[in-house]
Amino acid sequence: MLEKRYDFKTREKHWQDFWRENDIYKFDANAKDKYMIDTPPPTISGNIHLGHVFSYTQIDVIARHERMLNKSVFFPFGYDDNGLPTERYVQKEKKVRMSDMSRSDFISLCIDTTRKMKDVYEDIFSSAGCSADFKNAYSSISPRTQEISQRSFIELYKAGEVERRNSATLWCPECRTAIAQSEIDTVEMDSTMNYLNFSIKDSDEKLQIATTRPELLCACVCVFVHPEDEKRAHLVGKKAITPIYNVEVPIIANPDVDREKGTGAVMCCTFGDEADAKWQKEFDLPILEGIGYNGRITDLAGEFAGMKATEARSAIVAKLEELGVLYDKKPITHAVSTHERCGTAIEIAVRPQWFIKLLEHKDEIYKAGESVKWYPEHTQKRFLNWVDGLKWDWCISRQRLYGIPFPVWYCADCGATIIADENNLPVDPSKTMPNKPCPHCHGTNFVPENDVMDTWATSSLTPQICTDLLTNKGLDDSYIPMDLRPNAHDNIRVWDFYTIAKSLLHFKKLPWRDVMISGWGLSATGTKLSKSKSNGGTLGPHEAYEKYSADVTRYWASNASLGKDVFIQDEEFNNGFKLMQKLWNASRFVLSFLEGYKLTPNTEPEHLEPMDIWILECYKSTYKKFMSYMDKYEMGLALNELEQLFWNFCDNYIEIAKNRLYKPEIYGEPAKESAQYAAGCVLLGMLKLFSIYMPHVTEEIYQDYFAEIEGQKSIHTSGYLELTPENTSQTLAYGNKVCDIVSQVRGYKSQNNLSMKDEISKVTILGLYCTVESFVKDCANDIKAVCSIKELEFEKGQQEEVKIEK
RNA sequence: GGGAGCUUAGCUCAGUUGGUAGAGCAUCUGCCUUACAAGCAGAGGGUCACAGGUUCGAGUCCUGUAGCUCCCACCA
């Protein structure tokens, strides 16, 4: 017998322990029917918030659903505790600077800090009832992961897909590292357009140049004008002289120049932006490093050397004004590329870097993007659009400390690249040296590669890293393609993209069959929740669990259309709370009539009352719709269907059936048993469907009666209840007519200020109801009882009508 | 500038092949009814952003317009 009140505060914890102790979610690698999820490993870079709970709950709902379809579900868990985000977090949290510490001290501080954070993360997710396997969680910095990641590097190196080049790279002067195209944000910034006069060699003419980056004047290597620019055609081939530095630079015709922009003449500096980088290559221009790796102006700038770029900018503008070269300034706003991690405007720097070749595989990646199934469907376009716009190979080297090292040394004598032996991975080249002399010059002095790999070079291997937990085979494709990659829309161009790229490079196979793209949980005002900032008053995970319960928090998270952002609003939580209470009360009521009754869900009793058949058909119809939504990962829409059935069950069916349950002496024992069967079955079926959203309360109810009936340890491994379909549509329509009639009598009572139990002396049902006459007539007892009608008559007539006489 | 999504009741959103506009919240009215007052029963409320088109019929399909959001491009 269920308690009067459901005490979620103690029961949720109880069931979480129960599931853990009984290994309910254990994956069986030998199972025939498996479902494999490439779970996103959360980045350890700050406090976890409801936005995370939002995403992981949606994944968990899918995992639970597949489990209820009797599949063995591989739902691994991992932590992305590697690389730049973690470094930044640790420095901030521990108030240290990486540059002040030794590499090994800093790394052990990172490992220590992330270990503590992992416990916090696991607690938040398992308290939400997440059924992932936290016990065997992988880490993106563990030796095993390092081994897999380094092996991937070596394989691709041997295949010629990765190479070291000294070429222009996107550079963050704040983090002092190369970054990849996917790590760039674009931010609108205020700036000033400065108009300068360059003089022309052997001429009195002036060439007007507009620039937002006068600090790069020292790195100016040429001036471009448009080939069809008549006014300036005569200047092509002459030399312009840069102000302040008085350096002669060629004036070159270039069709890329936009004649409407600025003055129509461009100074090209190596490098001010990506266009400069492109032009440098095209015209084979010299490379002058105006800004150093630290973001400061170099010696090229003479008196300005050592200044930060922004300081230098104003100093140089002042100087230009003083020289009378600056003839105009206009404030503008323009888009600036910034590093997503720190917001600093990126520069372009030349330095030897490791690249994975992507540009030459664009077509294959594009086609793979077409083959993967994206849910919702339109997210595919976002992926394809990104692949279309790809401009850089993937720079995977980072000039940082905390990451997976390259398994690479350089021969000190001949400069040859020495790749580590695949049997000796993982390797830290700064600690270990090659075990053989240089194959080229037989030298024995080596310089380690001190850069570390981009975190995505490793994260892109999660299908291998997580299935390695099963196979111990490392870089292996036995489980590829997996069934599902779930993540939010911000990761389409990053994690999804890189994973597909690597899977193609290594295995020529898709990493997974489906991608489910979820939205974000946003604050009540629609702002993005942030790990590093507090989100002023926004509900936190534990607050939510305590105030509303984990089940209700999950209800909020999963009650959204796929891919849509959802606000954290009390109303939604309140709805979930009401649902949970209602589920409890309705179950308590139904179960109170099942004591001593042995429910046999798959064997119907000989006699079934019409409205019992009706509710069973309602269930079957909902079940079908529910499944078709879940096939598309539309868990929110599936939930809506289910809720509709549930409220219909409560408000109409239970009210109708309760009289037969209470008074078998009036309505007969078979009519009671019919109701016991129908109510029991439909409740059981609904509980199972609800269990993927609200695993705790449904387990509590299930354990009270159904667990024994079904001989199951837990509702979550009990499988859905599928009842054989019948003549659904007619029965549904007929039953709905009965509900109509009941509703009209209820309306009459409402309008006449009557209580629902007040008796109505006579009701006549006329007309159109004749088409369903026998069904409705067979429900006469139910109708009379639920509406307290003394006399009920049926008459043929033209119009459908319910006549009520008080 | 290119791509995607959105625009439906006061609010948050459903609306799967075209066929009489839906839910929850909010508002109003009534009701302690042997599960539930954190409840129940009812009621009001919408030119489905706008303009065209296809169709017997359009929230749904097509074209265009406007506004909002996101991604990409735009850094002289």
Side-chain angles (χ1 to χ4, degrees), chain A residues 2 4-5 181 184 186-189 191 193-195 209-213 216 223-224 256-258 261-269 272-276 279 332-337 345-346 376 378-391 489-490 492-493 519-520 526 559-561 563-567 569-572 574-575 577-593 625 628-629 632 634 636-637 640-641 643-644 647 650-651 654-655 658-659 661-663 742-758 786 788:
Chain A
L2 297 177
K4 173 109 177 135
R5 295 259 167 211
Q181 189 181 346
I184 294 175
T186 307
V187 179
E188 280 291 319
M189 283 191 183
S191 182
M193 185 66 79
N194 302 285
Y195 294 86
I209 301 278
T211 179
T212 54
R213 304 206 57 188
L216 283 174
V223 173
F224 288 120
D256 281 354
V257 171
D258 181 346
K261 232 180 215 176
T263 61
V266 191
M267 71 168 188
C268 177
C269 308
D273 61 23
E274 290 172 34
D276 290 337
W279 294 333
I332 58 159
T333 60
H334 65 170
V336 178
S337 296
I346 60 123
H378 65 84
T379 52
Q380 180 182 60
K381 284 251 166 81
R382 256 173 91 159
F383 179 88
L384 299 179
N385 202 15
W386 171 258
V387 177
D388 257 342
L390 200 62
K391 288 193 304 193
H489 45 60
D490 55 332
I492 295 173
R493 68 181 170 121
W520 277 333
N559 192 18
S561 284
K564 281 203 177 164
D565 298 344
V566 164
F567 305 129
Q569 281 179 324
D570 282 342
E571 288 89 351
E572 274 307 308
N574 283 333
N575 284 345
F577 199 83
K578 283 186 195 171
L579 174 66
M580 185 173 73
Q581 297 292 3
K582 190 85 176 171
L583 206 49
W584 183 257
N585 286 319
S587 301
R588 196 159 64 91
F589 178 78
V590 172
L591 292 185
S592 73
F593 289 102
K625 288 185 209 156
S628 79
Y629 277 130
K632 296 182 281 184
E634 286 285 6
L637 300 179
N640 286 345
E641 284 296 331
E643 275 189 272
Q644 227 172 69
W647 291 100
C650 293
D651 298 340
I654 288 188
E655 290 302 322
K658 71 167 34 158
N659 295 289
L661 289 167
Y662 273 121
K663 297 169 193 164
V742 170
S743 170
Q744 289 191 49
V745 181
R746 284 168 167 173
Y748 174 86
K749 290 187 182 180
S750 251
Q751 276 151 31
N752 292 285
N753 298 0
L754 295 173
S755 160
M756 286 303 139
K757 69 174 180 190
D758 285 342
V786 71
S788 308

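Labels below follow one simple rule: chain letters A, B, ... track the order of the sequence lines, proteins then strands, and each chain is numbered from 1.
Ranking A38(B), A41(B), A4(B) by closeness to the Phe577(A) side chain, first place goes to A38(B). If you check A14(B), C40(B), A4(B) against the side chain of Ser561(A), the one that comes closest is A14(B).
At the heavy-atom level, Val257(A) lies under 4.0 Å from base atoms of the strands shown. Using a 4.0 Å heavy-atom criterion, one finds that Lys582(A) contacts the bases of the nucleic acid, with or without backbone contacts as well. Asp651(A) comes within 4.0 angstrom of sugar-phosphate atoms only, judged by non-hydrogen atoms across all strands, and of no base. Phe224(A) comes within 4.0 angstrom of nothing in the nucleic acid, heavy atoms only. Residue Glu655(A) is in base contact, counting any heavy-atom pair closer than 4.0 Å across all strands shown. As judged by a 4.0 angstrom heavy-atom cut-off over every strand, Trp520(A) is placed among residues making no nucleic acid contact. Within 4.0 Å (heavy atoms only), Cys269(A) reaches no atom of the nucleic acid at all. Ile492(A) comes within contact range of no nucleotide atom at all, as no heavy-atom separation falls under 4.0 Å.
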Using a 3.5 Å cut-off and no angle test, enumerate the donor-acceptor pairs between side-chain atoms of residues 584-591 of chain A and protein atoms at least two apart in sequence or in another chain.
residue, atom, partner, partner atom, Å
Trp584(A), NE1, Glu3(A), O, 3.0
Trp584(A), NE1, Lys4(A), O, 3.4
Asn585(A), ND2, Gln581(A), O, 3.2
Ser587(A), OG, Leu583(A), O, 2.6

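Secondary structure note: stems in RNA chain B built from 3 or more consecutive Watson-Crick or G-U wobble pairs under 3.5 Å occupy B:1-7 with B:66-72, B:10-13 with B:22-25, B:27-31 with B:39-43, B:49-53 with B:61-65.
Residues Thr263(A) and Arg5(A) both approach RNA chain B. Their nearest nucleotides, taken by heavy-atom distance, put Arg5(A) toward the 5′ side. Comparing Lys564(A) and Lys578(A) against RNA chain B, the residue whose closest nucleotide sits nearer the 5' end is Lys564(A).
Rounded to whole Å, the C1' atom of U16(B) lies 15 Å from the corresponding atom of C61(B). Using P as the reference atom, C72(B) and A9(B) are 32 Å apart when rounded to the nearest Å. When the P atom is compared between C40(B) and C32(B), the two are found 16 Å apart, to the nearest whole Å. Nucleotides C50(B) and C68(B), compared at atom C1', are 15 Å apart to the nearest Å.
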Close N/O contacts between protein and nucleotides 71-75 of chain B (under 3.5 Å):
residue, atom, partner, partner atom, Å
C72(B), OP1, Arg493(A), NE, 3.2
C72(B), OP1, Arg493(A), NH1, 2.6
C72(B), OP1, Arg493(A), NH2, 3.4
C74(B), O3', Lys261(A), NZ, 2.9
C74(B), O2', Lys261(A), NZ, 3.3
C75(B), OP1, Lys261(A), NZ, 3.3
C75(B), O3', His334(A), ND1, 3.3
C75(B), N4, Ser337(A), OG, 2.5

